[in-house]
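Below, each value reflects all heavy atoms present in this structure, side chains not excepted, and no hydrogens, waters or symmetry copies.
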Amino acid sequence: MIVAVHCIAGDFRLDLHDHDNFMIVSIENLSAQDIKVSTKFTQNPAFGLIRFNVLENGHGVGFKSAPNEELPTSSDYLTLKPYEVFGRAFSISEIRKSYGITAKCFEISAEYHDFVSTRFDSLSSVIKSNQLRICR
């Protein structure tokens, strides 16, 4: 049974890791119960599950181009058992392109927020990640 509605944000962790030319976004279930999360870490602002907060030279940078993605379906969800992790790699060059980043270094953090969680009885909490400084 999945009881995501009764969980608190401290029961989950959203982490960003810099790995070669990719940024890894992972969500970890720190609770003692199963949770359902989306595997579709889309950035589409209409229903996006992952929102990046980007700072270039200390100033917020907005999303320049929305990917053409479809709404999640039930097959896009999985159940994380306690202490299981799910993640996805994002190309740093694609992030730079999507946000129009031209500086050598930038800061980035993320939020997981499933705007359609009620349709799939999934995690509805907003989870914020750590912040990374990426220089390439």
> Please, which pairs that meet disulfide (SG to SG under 2.5 Å) have at least one residue in residues 82-134, sequence neighbours excluded?
Replying inline: Cys105-Cys135
> Restricting to pairs with a member in residues 68-99, which pass disulfide (SG to SG under 2.5 Å), not counting sequence neighbours?
Replying inline: none
By side chain to side chain donor-acceptor pair (under 3.5 Å) - contacts of [X] (at least two apart):
| X | answer |
| --- | --- |
| Ser75 | Thr73 |
| Asp18 | Arg136 |
| Ser109 | none |
| Ser93 | Ser91 |

Would you compute the distance between atom [atom1] of [X] and atom [atom2] of [Y] and round it to the nearest 0.5 angstrom?
| X | Y | atom1 | atom2 | answer |
| --- | --- | --- | --- | --- |
| Ser26 | Ile24 | OG | CD1 | 8.5 Å |
| Leu16 | Phe52 | CG | CZ | 6.5 Å |
| Ile50 | Ser38 | CD1 | OG | 9.0 Å |
| Asn21 | His19 | CG | NE2 | 9.5 Å |
| Asn53 | Tyr99 | CG | OH | 7.5 Å |

Does [X] belong to the same Ile/Leu/Val/Met/Phe/Trp/Tyr cluster as [Y], with side-chain heavy atoms less than 4.5 Å apart forming each link?
| X | Y | result |
| --- | --- | --- |
| Val54 | Leu132 | yes |
| Leu78 | Phe12 | yes |
| Ile108 | Leu55 | no |

> Can you list every salt bridge (Lys or Arg N to Asp or Glu O under 4.0 Å) pair that touches residues 83-111, not counting sequence neighbours?
Replying inline: Arg51-Glu111, Glu107-Arg133, Glu111-Lys128
> Can you name the residues that form a ring-ring contact (aromatic ring centres under 6.0 Å, His included) with Tyr77, not counting sequence neighbours?
Replying inline: Phe120
>> So, using ring-ring contact (aromatic ring centres under 6.0 Å, His included) as the criterion, who are the partners of Phe86 when residues are at least two apart?
In response: Phe41
> Who are the side chain to side chain contact (heavy atoms under 4.5 Å, CB included) partners of Ser98, not counting sequence neighbours?
Replying inline: Phe63, Ser65
> Excluding sequence neighbours, so at least two apart, what forms salt bridge (charged side-chain N to carboxylate O under 4.0 Å, His left out) with Glu28?
Replying inline: Arg13
>> Tell me which one of Ser122, Ser124, Ser125 satisfies side-chain hydrogen bond (donor to acceptor under 3.5 Å, both in side chains) with Asp114.
In response: Ser122
Which atoms form the tightest heavy-atom contact between [X] and [Y], and what is the distance?
| X | Y | value |
| --- | --- | --- |
| Leu14 | Ile27 | CD1-CB, 4.1 Å |
| Asn29 | Ser31 | OD1-OG, 2.6 Å |
| His17 | Asp15 | NE2-CB, 3.4 Å |

> For Tyr112 and Leu123, what are the C-alpha separation, side-chain angles and deciding distance, and is it a side chain to side chain contact (heavy atoms under 4.5 Å, CB included)?
Replying inline: CA-CA 10 Å; Tyr112 173 96; Leu123 177 65; 3.9 Å; yes
>> Evaluate Ile92 against Ile134 for side chain to side chain contact (heavy atoms under 4.5 Å, CB included), listing each step before the verdict.
In response: CA-CA 9 Å; Ile92 290 173; Ile134 296 176; 4.0 Å; yes
> So, the side chain of Glu56 versus the backbone of Ala103: is there a donor-acceptor pair under 3.5 Å, distance only?
Replying inline: yes
> Can any side-chain N or O of Asp20 pair as donor or acceptor with the backbone N or O of Phe22 at less than 3.5 Å?
Replying inline: no
>> Pair Val85, Leu80 - check side chain to side chain contact (heavy atoms under 4.5 Å, CB included), show working.
In response: CA-CA 7 Å; Val85 177; Leu80 288 180; over 6 Å; no
>> Could you go through Glu70 and Lys40, starting from their C-alpha distance and side-chain angles, then the distance that decides it, and tell me whether this counts as side chain to side chain contact (heavy atoms under 4.5 Å, CB included)?
In response: CA-CA 10 Å; Glu70 295 187 20; Lys40 194 169 191 165; 4.1 Å; yes
> Other hydrophobic cluster members with Tyr83, side-chain heavy atoms of Ile/Leu/Val/Met/Phe/Trp/Tyr under 4.5 Å, chained?
Replying inline: Leu30
